[in-house]
Amino acid sequence: MFSHRWRFGWDRVSEVDLFADRHETSAETLSQAIRAAMSEEPDSDGSVLFGQLQGTVVGLRYYTGVVNQGEMVGLVRQPQNPYDRNAVMVANIYGNQVGHIKRELAAAMAYVMDNNLAKVDGVVHWGTKNKFTMPVMLSFWGREENKNAVIECMARRGYKLNTAGSISTGTHTGYTQLSSLNQHKDGEKEAAESVGTPLLLHQKQALSWMCARENQSALPPFWEKRGELYYNTLTCFSTKDIPERVRGGILADDMGLGKTLTTIALILTNFHNRKPLPVEKCVTTCRETAYCYSKELHCNTSFNGAFPFSSQHVSAFSSSFLCVYTQDQFEQHVCANVKLNVYLYYGSERNRSKKFLSSQDVVITTYNVLSADFGNKSPLHGINWLRVVLDEGHIIRNPNAQMSKAVLGLKAQRRWILSGTPIQNSVKDLWMLLAFLRLKPFDVREWWYRVIQRPVIQGDRAGLQNLQTLVKCITLRRTKSSEVNGRPLVSLPEKTVCVEQVELSQAEREEYELARNEGRNTIRRYVLVCLYMLRQHCCHPDLLAKISSDLGATATPAELRERLIEKLRLVLASGSDEECSVCLDSVRLPVITHCAHVYCRPCIAQVISTEQNVARCPLCRSEIKTSELVEFPQEEMEEENGTSSEKWRTSSKVQALMGNLLRLRCEDSSIKFLVVSQFTRFLTILEAPLREHGFSFVRLDGTMSQKRRTQVIQEFQSSTAGGVGLNLTAASHVFLMDPAWNPATEEQCIDRCHRLGQTRKVVVTKFIVKNSVEENMVKIQRQKQDLVEKAFGSTNTDRKTSRIDDIKSLMEL
DNA sequence: ACCGCCGGGTGCC
DNA sequence: ACCGCCGGGTGCC
């Protein structure tokens with residue numbers, strides 16, 4: 001075993017090349033590398049069409065799901081299918097199963113899909129009336145770098161992807177009646193008497209539109225009736241059942257145009273059967289609800305007493321309304337003689353009774369309370385509300401957030417989103433809002449993505465138009481500069497914004513640049529430390545520097561120093577090549593911090609000096625001071641081999657290696673192996689299982705003297721002819737335990753045994769942890785190799801191999 | 001499935 | 001006939 005970084009002094013800086021200062025674009029390179037190395041989830045928006053393929057759907061007669069001509073279908077892997085673990089299920093928009101992809105094709109697709117090499121879409125262009133099988137046009141989408149792999153993989157199984165020219169991707173403009181979209185946007189509606197504040201013209205228009213959206217019976221956008229069926233013009237899906245109409249929408253007026261007042265007016269004006277909410281003495285009637293949430297949590301339970309509560313008949317739908325700061329607005333905008341039951345559902349003493357909450361006219365809560373309750377016998381989720389209103393609805397933009405999931409779990413007849421900025425960053429933001437409104441079929445992310453998001457991002461005009469139609473249909477948005485009947489919505493004094501550019505003085509600029517560079521260096525260092533630790537996790541958990549808990553604060557300074565020195569000795573002895581997490585090289589002038597982490601003195605000194613206030617340990621974030629760094633007494637530096645009392649444990653990677661070694665030894669007991677790691681301490685860890693299974697081994701690493709290295713290599717080569725030096729041809733199997741940033745580093749390593757004197761086939765095994773920083777390192781390696789290939793027309797490897805082949809043939813070997 | 005595939009019945013022209 | 005051919009039974013994954 002040997003650690004190549006040290007032993008041969010190869011390319012010691014290769015790991016930090018990505019961030020090196022000499023590149024003009026270092027900042028960009030840094031961010032790219034971080035994104036590439038740290039990203040767990042690839043950006044699916046970057047996908048390109050690899051090609052298309054005509055496939056077959058079989059087993060139609062066993063399922064009820066039907067498709068129309070031109071309809072999009074979903075392809076779902078069924079790894080648990082008892083008849084075929086490669087099964088790919090075909091379903092229509094509503095998720096009804098239509099059939100399966102034919103077995104042989106499914107086998108090829110399963111590989112591509114399971115390895116995330118491509119996403120596959122299906123469209124059925126014809127044969128929809130078939131009884132047994134039907135054709136399906138499959139489109140393969142993915143990231144550019146996977147394109148060839150996918151095409152080859154499919155070709156190997158006899159499926160040729162059609163990559164030619166322009167192909168229909170299935171997006172087209174849905175037929176829509178634009179006139180109907182603007183319905184009621186110009187109409188006006190008077191608010192109910194109980195609304196205490198007179199509405200402005202544009203607010204009456206908004207009220208009219210909101211009432212219409214709640215009372216309408218029109219189909220959602222892109223749906224039309226065709227005979228007995230309801231037909232979706234974008235996906236070509238059709239169904240007997242009328243698609244659920246979206247009773248509600250997005251009120252996206254600018255700040256200050258009175259979204260809250262308009263919503264209060266809606267609550268009071270449009271109760272059941274288009275009648276106003278019964279208020280005042282009307283104690284026995286059903287009460288309505290609107291809901292809203294605020295981003296803020298105000299746990300002020302004393303507010304509860306501010307509202308008169310009366311016991312009400314519990315309605316089938318209760319209702320609640322919004323935000324903390326609108327509590328005043330209710331009082332302000334509701335007539336003084338009107339009693340409205342408004343309950344603020346937050347604070348630890350909140351009343352969790354479903355019956356009580358249902359009896360309220362309005363229940364107001366916060367996103368935080370809602371998500372805290374969700375999945376925990378949440379009374380709010382058990383009530384079928386008349387209306388749910390999300391104030392500042394863009395807060396639930398991220399569909400992965402708990403708050404968003406909690407919001408989607410609410411049951412309601414009518415749903416509203418109030419937001420001045422419904423789309424903050426990208427078209428992606430819209431999905432969560434559509435999902436909340438339950439706008440079919442876009443509430444299912446796949447259909448939203450296929451029909452709208454991907455086409456829009458790829459610049460498809462039809463996709464953009466469909467998006468606009470969709471948004472127009474469910475959104476009312478006016479800005480402060482909008483006009484009604486030629487007049488501005490609101491009259492405000494003039495506002496001017498100007499930008500004045502300011503130059504820093506030379507001295508200021510110098511200080512600024514200094515701070516910027518320091519900041520950049522600090523970030524760079526922390527990123528490297530973080531990546532480094534992830535790489536260690538991939539190999540073995542014990543590689544991570546331990547945060548020592550036994551270095552108590554009660555110890556005297558002398559005791560503490562003694563213990564730290566002991567710890568430092570242990571750490572240095574355990575791997576002989578302890579690496580500094582700052583420079584990633586072997587520790588020079590080792591020092592140990594009070595939190596028991598070891599660094600090079602110059603490295604950690606620099607970290608401390610770049611901190612403005614309190615310097616913190618890059619590994620554990622404990623406070624560190626230059627004066628508290630403990631050095632190793634010089635005379636003990638050469639000591640070796642502290643026996644670690646800690647218990648040995650295995651790791652997945654250790655298991656993988658041992659499995660290979662044992663299998664190979666069974667096949668041929670004369671095989672020798674080379675086991676390579678970037679981490680010398682990992683080699684130390686590997687010694688235990690090797691001994692346990694009776695493998696004899698030698699170790700080679702950077703701390704050894706030249707003499708010792710020669711001895712070790714001779715011992716390893718003993719039974720094999722050939723010279724010494726860097727020759728390790730006795731080994732025919734190379735195990736690379738962890739990837740290096742630079743592929744050349746690995747190549748050099750492999751060449752130590754794949755060279756003159758080698759008589760066996762050389763097999764190299766690289767262990768890469770799935771879904772980890774290691775996979776991303778491999779991607780970076782591949783990119784580097786591609787670069788080399790583009791620049792030279794052949795890879796490093798090829799050139800080397802061919803040179804070796806040349807020599808071999810010259811010497812007639 | 002107006003197929004392919006399987007397995008039983010059958011067998012000169 | 002250890003075949004070929006015929007025609008019935010059958011059928012996703």
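Per chain, numbering begins at 1; letters A, B, ... match sequence-line order. In this text, all values refer to a predicted model and were calculated from it rather than measured experimentally.
When both distances must be under 3.5 Å, the Watson-Crick or G-U wobble mate of B/dC12 does not exist.
Note: A/His100 and A/Tyr63 have perpendicular aromatic rings, judged against thresholds of 30 and 60 degrees for the angle between ring planes.
Listed by first and then second residue, the salt bridge (charged side-chain N to carboxylate O under 4.0 Å, His left out) pairs that reach into residues 65-78 of chain A are A/Arg77-A/Asp114, sequence neighbours excluded.
From A/Arg85, atom CZ reaches atom CG of A/Asn81 across 11.5 Å, with rounding to the nearest 0.5 Å.
Listed by chain and residue number, A/Glu152 satisfy the side-chain contact (heavy atoms from CB on, under 4.5 Å) test with A/Asn148 (two or more places apart in sequence, or in another chain).
Between A/Lys653 and A/Glu774, at least one side-chain N (NZ, or NE/NH1/NH2) sits under 4.0 Å from a carboxylate O, which counts as a salt bridge.
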Can you check nucleotides 11-13 of chain C for protein contacts, nitrogen or oxygen pairs under 3.5 Å, and list what you find?
| from | atom 1 | to | atom 2 | distance (Å) |
| --- | --- | --- | --- | --- |
| C/dC12 | OP2 | A/Tyr62 | OH | 2.2 |
| C/dC12 | O2 | A/His100 | ND1 | 2.7 |
| C/dC12 | N3 | A/Tyr63 | OH | 2.7 |
| C/dC12 | N4 | A/Tyr63 | OH | 3.4 |
| C/dC13 | OP1 | A/Arg103 | N | 3.0 |
| C/dC13 | O3' | A/Asp84 | OD2 | 2.6 |
| C/dC13 | O2 | A/Asn81 | ND2 | 3.2 |

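For the C1' atoms, the distance from C/dA1 to C/dC6 is 15 Å, rounded to whole Å.
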